Amino acid sequence: MKRLDLSGRAPVGSVAVPFEELATQLTARGVVLTPDVTFESLAPYLPQLDLVVVTFPIFRDGRGFTQARALREYGGFTGEIRATGHLLPDQANHLRRVGIDSVELPDDADPSPWERERHRFHTAYQFSVGGESGPLSGLRRALT
């Protein structure tokens with residue numbers, strides 16, 4: 001698998017274990033989440049983690065977006081969030097805006113459509129947990 005960077009952060013070298021094994025793997029620094037894992041069940045483990053891999057098992061399952069945003073916004077997670085599974089290049093900006101740092105692509109995948117989509121839009125009006133700010137981000141901070 002290839003790793004496509006969305007955020008400009010250095011990749012984490014941690015090995016990710018399935019969430020079900022996290023309680024028994026006390027030294028694990030990375031975890032793989034299936035869409036059914038809730039933020040509340042993962043929260044106690046966040047201080048030990050450097051990497052969270054969010055899976056998208058089918059294209060129309062968007063729970064990975066919610067998981068990533070919850071990790072950043074509610075959990076204050078500062079490690080790497082990596083997306084894997086059925087993703088399309090036109091989702092690159094949205095993945096980044098919810099806090100996802102990188103995407104795993106098959107070895108034979110062409111990264112150029114991802115790069116093109118990543119740089120397609122330069123302005124967003126909605127708040128982003130991915131470190132970006134749009135024209136209205138100052139107003140949002142003033143209201144909160």
Side-chain angles (χ1 to χ4, degrees), residues 1-22 25 28-144:
M1 292 292 233
K2 291 186 212 179
R3 180 187 172 278
L4 176 74
D5 178 49
L6 296 177
S7 67
R9 297 173 60 158
V12 174
S14 300
V15 175
V17 299
F19 177 74
E20 297 75 25
E21 296 176 19
L22 194 56
Q25 303 271 340
R29 305 291 300 161
V31 65
V32 177
L33 300 182
T34 55
D36 59 327
V37 177
T38 64
F39 171 74
E40 293 78 13
S41 61
L42 180 63
Y45 302 102
L46 285 181
Q48 80 185 48
L49 298 174
D50 296 327
L51 171 65
V52 175
V53 179
V54 178
T55 58
F56 292 81
I58 57 175
F59 170 74
R60 62 183 185 268
D61 189 342
R63 291 178 285 177
F65 291 103
T66 304
Q67 286 174 321
R69 184 166 187 121
L71 285 166
R72 295 282 190 226
E73 192 168 10
Y74 306 127
F77 184 69
T78 59
E80 181 182 354
I81 301 176
R82 188 177 301 160
T84 187
H86 294 274
L87 296 161
L88 298 175
D90 64 348
Q91 295 172 313
N93 280 316
H94 191 62
L95 290 165
R96 190 174 64 209
R97 293 186 57 76
V98 298
I100 293 175
D101 298 301
S102 61
V103 177
E104 282 185 2
L105 299 176
D107 288 330
D108 61 344
D110 179 11
S112 59
W114 284 89
E115 288 298 329
R116 186 174 50 252
E117 288 299 322
R118 187 174 156 225
H119 299 292
R120 183 177 214 171
F121 299 104
H122 301 284
T123 302
Y125 290 95
Q126 298 86 8
F127 174 73
S128 169
V129 295
E132 300 171 26
S133 59
L136 301 179
S137 62
L139 176 62
R140 178 177 167 89
R141 282 191 296 271
L143 295 174
T144 55

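Since the structure is predicted, the reported quantities are computational estimates derived from the model, not experimental observations. Position 1 is the first residue of the sequence; numbering continues from there.
- Shortest non-hydrogen contact noted between Val31 and Pro18 is CG2-C, 4.2 Å.
- Of all non-hydrogen atoms in Lys2 and Pro111, the two that sit nearest each other are NZ-CD, 3.7 Å.
- For Val98 against Arg72, the heavy-atom pair with the smallest separation is O-CG, 4.1 Å.
- Remark: Asp5 CG to Arg96 CZ distance equals 10.0 Å, nearest 0.5 Å.
- Put simply, the side chain of Arg3 never gets that close to the backbone of Val103: no donor and acceptor are under 3.5 Å apart.
- Considering only residues two or more places apart in sequence or on other chains, His94 meets the ring-ring contact (aromatic ring centres under 6.0 Å, His included) condition with Phe65.
- Within the model, atoms CG of Leu22 and CD of Gln48 stand 5.0 Å from one another, a figure rounded to the nearest 0.5 Å.
- Closest heavy-atom contact between Glu80 and Ser102: OE2-OG, 2.6 Å.
- Contact of the Val52 side chain with the Phe77 side chain is registered, since non-hydrogen atoms from C-beta on lie closer than 4.5 Å.
- Rounding to the nearest 0.5 angstrom, the gap separating the CZ atom in Arg82 from the OG1 atom in Thr55 is 13.5 Å.
- Considering CD1 of Ile100 and CZ of Phe56, their distance stands at 4.5 Å, rounded to 0.5 Å.
- At least one side-chain heavy atom of Leu46 sits less than 4.5 Å from a side-chain heavy atom of Phe39.
- To the nearest 0.5 angstrom, Thr84 atom OG1 is 12.0 Å from Leu33 atom CG.
- The minimum heavy-atom distance between Phe59 and Leu88, with the atom names listed, is CE1-CD1, 3.2 Å.
- A donor-acceptor contact shorter than 3.5 Å links the side chain of Asp101 to the backbone of Ile81.
- Considering all non-hydrogen atoms of both residues, Ser41 and Pro44 come closest at O-CD, 3.6 Å.
- Taking CG of Leu87 as the reference point, atom CG of Leu4 lies at 10.5 Å (rounded to 0.5 Å).
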Would Leu42 and Leu49 satisfy side-chain contact (heavy atoms from CB on, under 4.5 Å), going step by step from the backbone distance to the final call? CA-CA 10 Å; Leu42 180 63; Leu49 298 174; 4.0 Å; yes
